[in-house]
There are 2 protein chains.
Amino acid sequence: MLSTAGLLRERHLKVTPQRLAIFHMLSHTNIHPSAEMIYNSLRETHPTMSLATVYKTLDALVKAELVQQINVGEDSFRYDANITSHPHIICTCCHQVFDLEEDALPNLKALVSEKTHFKLSHEQLYFYGVCPDCQGSVH
Amino acid sequence: MLSTAGLLRERHLKVTPQRLAIFHMLSHTNIHPSAEMIYNSLRETHPTMSLATVYKTLDALVKAELVQQINVGEDSFRYDANITSHPHIICTCCHQVFDLEEDALPNLKALVSEKTHFKLSHEQLYFYGVCPDCQGSVH
DNA sequence: ATCATTGCAAATGATTTGCATTCGC
DNA sequence: GCGAATGCAAATCATTTGCAATGAT
């Protein structure tokens, strides 16, 4: 198991405090934050870090395949340190984004590639609905 | 089978040439155009129509549930007159967006709602890969 | 020492908005 | 005629870019 610094070096990315902080934050959260959310959450510990750096860092991490960008249909992207192509489920009430285990669904890739003769690379699967918590609360 | 004008009136939307043209174009294409693409394709026949009108019309049609907005991860939205929640498959080479028949996949909704106890409303399923045509062509 | 990364400010580009004019009903 | 829809221009907002200063190797 490589350290974050090791992972970065492996991809020929220089190890900077900003990159460490962003990757660390992403791998210790399950909220699938947007760039703005990452920026705000690191403001306290890294007050000089700019939003542009957050974007540039995320771009570098996505290109290095250390992080994936997900698009739940909001106005901004969200990021996930889990780079496997797993489905997500989004609560339309509280807007939380949850992971679904990769094996929660049958092997769709095989099905789709058989039907379409595409050479499939990846997929984005999003389910929308109301989470148990929000179902319970009066609105 | 209602005419386009009938469909619009049914939703209390005024029937204008712009709305007819946009809806007609959307229901006779399978390219899942963006607002910009719609605007350009209607330029000849409707030279006075503004891009803002295209956006406002699409917004009205989406709210009226006559059209759906899809988000394949590009910088702009695409639109589809097929409002059923069907999966899409996108060629990462030529950027075409294709429909998959709704029954091409097993019933995932039931599976997911059983696992998560969400009350599911809809889903967005995107598969990415290289289409047969692009596989054949040298790049 | 070199070259990538940072941080600021300015630019971009899709989409939205304000508002006077026009048009559907 | 009334109120909604159009079209223009200006505004917005996420993201990107240019560039000088800084920092990692």
Side-chain angles (χ1 to χ4, degrees), chain A residues 3-25 32-43 45-64 66-79 95, chain B residues 3-25 32-43 45-64 66-79 95:
Chain A
S3 65
T4 303
L7 284 171
L8 291 172
R9 280 202 201 88
E10 214 179 29
R11 325 277 154 130
H12 307 294
L13 292 175
K14 290 192 174 162
V15 179
T16 68
Q18 293 86 341
R19 285 175 175 175
L20 290 174
I22 291 171
F23 186 73
H24 184 265
M25 188 252 175
H32 304 82
S34 64
E36 191 83 38
M37 289 161 82
I38 295 169
Y39 175 66
N40 285 325
S41 113
L42 295 177
R43 250 173 189 283
T45 49
H46 296 75
T48 66
M49 182 163 56
S50 76
L51 187 53
T53 297
V54 175
Y55 278 107
K56 285 171 185 167
T57 299
L58 288 170
D59 186 57
L61 294 175
V62 168
K63 283 193 176 120
L66 290 173
V67 158
Q68 76 169 306
Q69 194 183 48
I70 66 175
N71 187 338
V72 300
E74 291 174 341
D75 43 7
S76 53
F77 288 106
R78 285 169 171 255
Y79 297 86
H95 301 284
Chain B
S3 65
T4 303
L7 284 172
L8 290 172
R9 280 200 202 89
E10 215 179 29
R11 324 278 153 132
H12 308 295
L13 292 176
K14 288 190 176 164
V15 179
T16 68
Q18 293 87 340
R19 285 173 175 177
L20 290 174
I22 291 172
F23 186 73
H24 184 263
M25 189 255 175
H32 304 81
S34 64
E36 191 84 38
M37 290 161 81
I38 295 169
Y39 175 65
N40 285 325
S41 114
L42 295 176
R43 249 173 188 286
T45 49
H46 296 76
T48 67
M49 183 165 54
S50 76
L51 186 54
T53 298
V54 175
Y55 277 108
K56 285 171 185 166
T57 298
L58 287 170
D59 186 59
L61 293 175
V62 168
K63 284 195 175 118
L66 291 172
V67 158
Q68 75 169 308
Q69 194 183 49
I70 67 176
N71 187 339
V72 301
E74 290 174 341
D75 44 6
S76 54
F77 288 105
R78 286 170 170 255
Y79 296 85
H95 301 286

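Numbered from 1 within each chain, the chains take letters A, B, ... in sequence-line order.
- For dG7(D), the OP1/OP2 oxygens have a side-chain nitrogen or oxygen of Thr48(B) closer than 4.0 Å.
- Side-chain N or O atoms of Asn40(B) include one that pairs as donor or acceptor with a backbone N or O of Glu36(B) at under 3.5 Å.
- Across all their heavy atoms, Leu13(A) and Ala64(A) have their closest contact at CD1-CB, 3.8 Å.
- Shown here for Val15(B) and Ala5(B), the closest heavy-atom pair between the two residues is CG2-O, 3.7 Å.
- The CG-C1' distance, from Leu51(A) to dT16(D), rounds to 11 Å in whole Å.
- Here the shortest heavy-atom pairing between Arg78(A) and His32(A) reads NH1-O, 2.8 Å.
- Going from atom NE2 of His95(A) over to atom CD of Glu74(A) covers 7.5 Å, rounded to the nearest 0.5 Å.
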Inset, instruction - Walk me through it: do Thr16(B) and Leu8(B) pass the test side chain to side chain contact (heavy atoms under 4.5 Å, CB included)? - result: CA-CA 9 Å; Thr16(B) 68; Leu8(B) 290 172; over 6 Å; no

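- Comparing Asp75(A) and Thr53(B) along DNA chain D, the residue whose closest nucleotide (by nearest heavy atom) sits nearer the 5' end is Thr53(B).
- In this structure, CZ of Arg19(B) is placed 10 Å from C1' of dT6(D), rounded to the nearest angstrom.
- Side-chain nitrogen and oxygen atoms of Gln18(A) include none within less than 4.0 Å of the OP1 or OP2 phosphate oxygen of dG23(D).
- Distance Tyr39(B) OH to dT6(D) C1': 13 Å, rounded to the nearest Å.
- Residue Tyr55(B) has no polar side-chain atom (N or O) positioned under 4.0 Å from OP1 or OP2 of dT16(C).
- Atom CE in Met37(B) sits roughly 12 Å away from atom P in dT15(C) (whole-Å rounding).
- Picking from dT5(C), dT17(C), dG7(C) the nucleotide with the shortest atom distance to the side chain of Leu13(A) gives dT5(C).
- Residues from residues 3-11 of chain B with heavy atoms under 4.0 angstrom of DNA chain D: there are none.
- Here dG7(D) is the nucleotide among dT25(D), dG7(D), dT6(C) with the atom lying nearest to any side-chain atom of Ser50(B).
- Nucleic acid contact class of Thr16(A) (heavy atoms, under 4.0 Å, all strands): sugar-phosphate only.
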Inset, instruction - Could you walk me through whether Ile22(A) and Met49(A) pass the side chain to side chain contact (heavy atoms under 4.5 Å, CB included) test, one step at a time? - result: CA-CA 11 Å; Ile22(A) 291 171; Met49(A) 182 163 56; 4.1 Å; yes

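- The CD-P distance, from Gln69(B) to dT15(C), rounds to 8 Å in whole Å.
- In terms of phosphate contacts, Ser76(B) brings no side-chain nitrogen or oxygen within less than 4.0 Å of OP1 or OP2 of dA14(C).
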Inset, instruction - Verify side chain to side chain contact (heavy atoms under 4.5 Å, CB included) between Leu42(A) and Val54(A), making sure each step is shown before the conclusion. - result: CA-CA 10 Å; Leu42(A) 295 177; Val54(A) 175; 5.8 Å; no

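- Atom NE2 in His46(B) sits roughly 15 Å away from atom C1' in dG7(D) (whole-Å rounding).
- Following rounding to the nearest Å, Glu36(A) (CD) and dC13(D) (P) show an atom-to-atom distance of 11 Å.
- Residue-to-nucleotide proximity on DNA chain C shows that, of Phe77(B) and Ala52(A), the 5′-proximal contact is made by Ala52(A).
- For Lys14(A), counting side-chain heavy atoms from C-beta on, the closest listed nucleotide (dT5(C), dG7(C), dC25(C)) is dT5(C).
- The CE-P distance, from Met49(A) to dC8(C), rounds to 11 Å in whole Å.
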